[in-house]
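Here's the structure we're looking at; comments come further down.
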Amino acid sequence: MVEGRWRKRWADRGTHQTDLEHGERPYYALMMFPYPSAEGLHVGNLFAFTGCDIYARFQRLQGRTVFEPLGYDAFGIHSENHALKVGVHPMELIPRNIANFRRQLDRAGLMADWSRSVDTTDPAYYRWTQWLFLQLYKQGLAYKKAAAVNWCPSDKTVLANEQVVDGRCERCGAMVEQRFLEQWFFRISDYAGRLLGNLDTLDWSATTLQAQRNWIGRSDGARIRFRVLDPLTDAGSSVVAVTTEVRTGGTEIEVFTTRPDTIFGATYLVLAPEHPLVDEITAPMQAGVVADYRARAARQDLVTRRTNREKTGEFTGAYAVNPATGEMIPVWIADYVLMEYGTGAIMAVPGHDERDFEFATKFELPIERVVAGEGQTARTPLADGAYPGDGVLVNSGEFDGLGVSEAIPKVSAWLAARRAGEPVTHYRLHDWCISRQRYWGPPIPIIYCDACGTVPVPEDQLPVVLPNVADFKPDDSGVSPLARHEQWYRVPCPRCGKLARRETDVSDTFLDSAWYFLRYPSVPRDDVAFDPALTRKWLPVTTYIGGNEHAVLHLLYARFITMVLHDAGRLDFEEPFTRFRAHGLIIRDGAKMSKSKGNVVNPDEYIDEWGADAFRTYLMFLGPFEEGGDFRDAGISGVRRFLDRLWASVRDCSDEGAADDEVQRKLHATIKKVGGDIPALSYNTAIAAMMEYMNTLRRGERTPHRAEVEPLVQLVAPFAPHIAEELWEMLGHRTGVFDSRWPAFDPSLLARETVELVVQVGGKTRGKVTVPTTVTSDEALAAARADAGIAKFITGEPKKVILVPGRLLSIVV
RNA sequence: GCGAAAGUGGCGGAACUGGCAGACGCGCGGGACUUAGGAUCCCGUGCCGAAAGGCGUGUGGGUUCGAGUCCCACCUUUCGCACCA
């Protein structure tokens, strides 16, 4: 009853609508917006939102103007598949889901400003998503190329890597194929260095930073060129060049390695099957097997290829020259070398790389030792595996005896001087493929004209509206379902006016979510994506809270888009999220929640039974916010009891006389504790501290004084906002509790004259003594001796006495 | 394989820079109030022991007056990435 009343008042009074233009000390509290699934709000969502909301409400109590927006990430394959399954069009389904989400979110007592919400499927939103694409296109950061995708021949659709299980489609079980399709990419790899470097400046969860670093995957090493032998001019010799200068000209194979120091042990080269030089170098007698191998590799799906560890390959019949030893070494192709990384070719050093060792063993290629670890020499055999560890160089000419880390730059420099290579840094990060051969997404705003080529849709013609078509099922054409709707894709070329054709692919959902935080403050505006003045005032986001499942892709894409807009002069910052905290996962009775286990928590039921305040507070109490916790029904009662006791304390409190000194001391300690715990997201201990205070307050069924309970209502307010408002009003306040100021704690109240010291004798706790705060160790020792229970353990004169002021006295006997 | 985090009562979890291990809550035991209690309130609750006392933070060592916390070596679990040269 109380919760319903306050929700209505908040709505009527516009309590949660932020005055973005005039508000002082802006605080932008952002939470990752949800995908509005048909199942409704998940407790995991609510856990995250509540955590963010508490932080935001706390900031409001600190006097800041807080903006807490929330929206819906409603495009994407997930919605589309669900729509196909239940046979309802997404344009019908999504508004329904959103309405249900909104109903559930409203009950949760969030401080969300619904006047500035976003829905990524609204043309008023995706118009600007398309605009964003055009900005990247204009800056040369969007380009088209053929790329491999997983293709399910039975479902006739492109699959994400996660949808491929054991080489088969996870839904129908058909063998997945690799197909090459023309797709749009963003040049995020150009930004790899900055995306990595800036991480050092961000106040983010350590795990998230680590995940980003791993994903970007910087490797420092060298590019090295190997000249391919010409069968005519180089015929008949096994050692072709001596080490003064490397012959140039002719075909060269370029490899990337992080271990240039091991070049003397490079006994063969391997190219990825797709490597463009394969045809050119393959000897006629090997052409058949090489072509077969390449065809087989091409048919393999991407996931199998990445996980299949059985080494396969073929000899091309070609040889190249090792620029360090001058020896001729064979060139192979094998699918354990990936075209997407480095140069798509490697120098194999089987002595010091496990994969190369495995391959060399299988195909009987030479294995040389060029690094000797501890207890090893140049002649220690490499019988049972590669030695990838540290050591000194051996069998490496003039570099013998150098340590590995010392040798790396020296060998690189030596190779560079001989024009055989140069130091280089590679990143694992690939360009971002944003094309989706699907229906449920924003159409990519490009038009193909026979006369003018690729033409971007003029900005004043945005949005390119996604048509409402009944037939949106993917087919096996390899293009989006939109390609079947001629009346939609046939348009005049914006440049020459001749009949042209729209791009029929839609963009990745991650693009929708890569900029939504820029949109929120500017929401009603339909003339710009984001208002410059509001953006300057409110961004970057002060605190962003979300799940670590987005630690890599979403956060990286959002950072990239922000950098691009910064470089285009549209933003004055290049990092969107100053502070990011990843929340934990909620499990249920020790197990992950899942529909099949039937242990999914439906927030509605719990809110019905216990109230939103108790539910919120319980979610925050069950474990550290950044770690998550185990949801158990039994636990809610304790939190509910606490709120009931708070209610009773306010109802029964008296104005007569004065507050109790001891209770007052505890109150101020609690104010300090809670005020420190909330910014640290240590919500569980903040709640524990308030409960502890409640125990003090009510001990022995005493009647609390008004001054003892009033500040507690404020401390509880971020967690249980409805009841706090009600109690605040019961205490006689005419304005809301969130317009009050967080209580200040008085340090002088925490100072004490006497203190209890723990006394240890010989390292064991033997008792306690109460002494003045200013006690010296001699005085404390005397006090300990005066205590019979302690004194009996002090045999003879102590060797040493250690006093830790305010805490303990350690007597060494 | 690489990277990261974590192992504490019957359970969820506390413990700042080394300083009373087990806060707070659940559960359990006892009591009060009650026709009743699965409501409410109070008290108790790591293990062994009658007590004195002893033992206790995954395992084994170490540093220290003192270790859940620091160091070394293991074991286990969870998460991320994964043939990335």
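Within every chain, numbering begins at 1; the chains are lettered A, B, ... in the order of the sequence lines, protein sequences first and strands thereafter. The basis for the numbers below is simple: all heavy atoms, side chains too, and nothing from hydrogens, waters or symmetry mates.
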Would you mind writing out the side-chain donor-acceptor pairs for residues 755-769 of chain A within the sub-3.5 Å range, not counting sequence neighbours?
none

For A:W215 and B:rC79, give me the distance from atom CH2 to atom P, rounded to whole Å. 18 Å

Rounded distance in Å between the C1' positions of B:rA4 and B:rA82: 14 Å

Under a 3.5 Å limit on both distances, the Watson-Crick or wobble mate of B:rG10 is B:rC26

A:Q212 (side chain) donor-acceptor with A:A551 (main chain) under 3.5 angstrom: yes

When you match A:F256 and A:P624 each to their closest nucleotide on RNA chain B, which lands nearer the 5' end? A:P624

What's the NZ-P distance between A:K362 and B:rC83, to the nearest Å? 17 Å

A:F642 CZ to B:rC41 P, straight-line distance once rounded to whole Å: 13 Å

Quote, to the nearest angstrom, the P distance that separates B:rC48 from B:rG61. 25 Å

In whole Å, what is the span from the CD1 atom of A:I587 to the C1' atom of B:rC11? 12 Å

So A:Y693, base contact, sugar-phosphate only, or nothing? Heavy-atom distance under 4.0 Å. nothing

Could you state the atom-to-atom distance from CG of A:L585 to P of B:rG12 in whole Å? 17 Å

Atom C1', compared across B:rC72 and B:rC2: separation rounded to whole Å: 23 Å

If you check the A:L338 side chain, which of B:rA85, B:rC11, B:rG13 turns out closest? B:rA85

On a whole-Å scale, what distance lies between the P atoms belonging to B:rC20 and B:rG66? 15 Å

Using a 4.0 Å heavy-atom cut-off across all strands, classify A:K792 as base, sugar-phosphate, or nothing. sugar-phosphate

Any-strand Watson-Crick or G-U partner of B:rC55, both distances under 3.5 Å: B:rG46

Side chains of A:S637 and A:V639, heavy atoms from C-beta outward: is any pair under 4.5 Å? no

From CZ of A:R651 across to P of B:rU40 the rounded distance in Å is 13 Å

Look at A:R766 and B:rG66 and indicate whether a side-chain polar atom (N or O) is within less than 4.0 Å of OP1 or OP2. no

Rounding to an integer number of angstrom, what distance separates B:rA14 and B:rA6 when you compare their C1' atoms? 16 Å

In Watson-Crick or G-U wobble terms, both distances under 3.5 Å, what is the partner of B:rG68? none

Look at the rings of A:F625 and A:Y683 and say which category their plane angle falls in: under 30° parallel, 30 to 60° tilted, over 60° perpendicular. tilted

B/S/- contact track for nucleotides 17-26 of chain B, protein heavy atom under 4.0 Å: --BB--BBSS

Can you find a donor-acceptor N/O pair under 3.5 angstrom joining the side chain of A:K799 to the base of B:rC65? no

Looking at A:H275 and A:M339, what are the two nearest heavy atoms and their distance? CA-SD, 3.6 Å

Let me spell it out: for each of A:Y341 and A:F793, pick the nucleotide of RNA chain B with the closest heavy atom. Which residue's pick is nearer the 5' end? A:F793

On a whole-Å scale, what distance lies between the P atoms belonging to B:rG68 and B:rU17? 15 Å

Sticking with atom P, work out how far B:rU57 lies from B:rC47, rounded to a whole angstrom. 15 Å

Taking only N/O atoms, report every protein-nucleotides 2-9 of chain B pair under 3.5 Å with atom names and distance.
residue	atom	partner	partner atom	Å
B:rG3	O2'	A:Q210	NE2	3.3

Which label fits B:rG9, syn or anti, where anti is any glycosidic angle not within 90° of 0? syn

Pairing partner of B:rG1, by Watson-Crick or G-U wobble and under 3.5 Å for both distances, is B:rC81

Aromatic rings A:F359 and A:Y336: how do their planes relate, parallel, tilted or perpendicular, breaks at 30° and 60°? tilted

Are A:Y606 and A:F631 close enough that their ring centers fall under 6.0 Å? yes

Of B:rA85, B:rG53, B:rC42, the nucleotide closest to the side chain of A:S219 is B:rA85

Classify the ring geometry of A:Y341 against A:H426: parallel below 30°, tilted from 30° to 60°, perpendicular beyond 60°. tilted

Write down the distance between CD (A:E609) and C1' (B:rG38), rounded to a whole number of angstrom. 13 Å

Give a yes or no answer on whether the side chain of A:T316 reaches the backbone of A:V331 with a donor-acceptor pair at less than 3.5 Å. yes

By the Watson-Crick or G-U definition, both distances under 3.5 Å, B:rU40 is matched with B:rA32

Measuring only between side-chain heavy atoms, which start at C-beta, is A:Y427 closer than 4.5 Å to A:S189? no

Let me see the working for A:R698 and A:E708 under salt bridge (charged side-chain N to carboxylate O under 4.0 Å, His left out), right down to the final yes or no. CA-CA 11 Å; A:R698 303 287 288 180; A:E708 295 165 356; over 6 Å; no

With rounding to the closest Å, how many angstrom separate the P atoms on B:rA67 and B:rG19? 11 Å

For B:rC55, does either OP1 or OP2 sit under 4.0 Å from a side-chain N or O belonging to A:K764? yes

A:W332 vs A:F315 aromatic rings, parallel, tilted or perpendicular, using cut-offs 30° and 60°? tilted

Rounded to whole Å, please give me the gap between CG in A:L555 and P in B:rC81. 14 Å

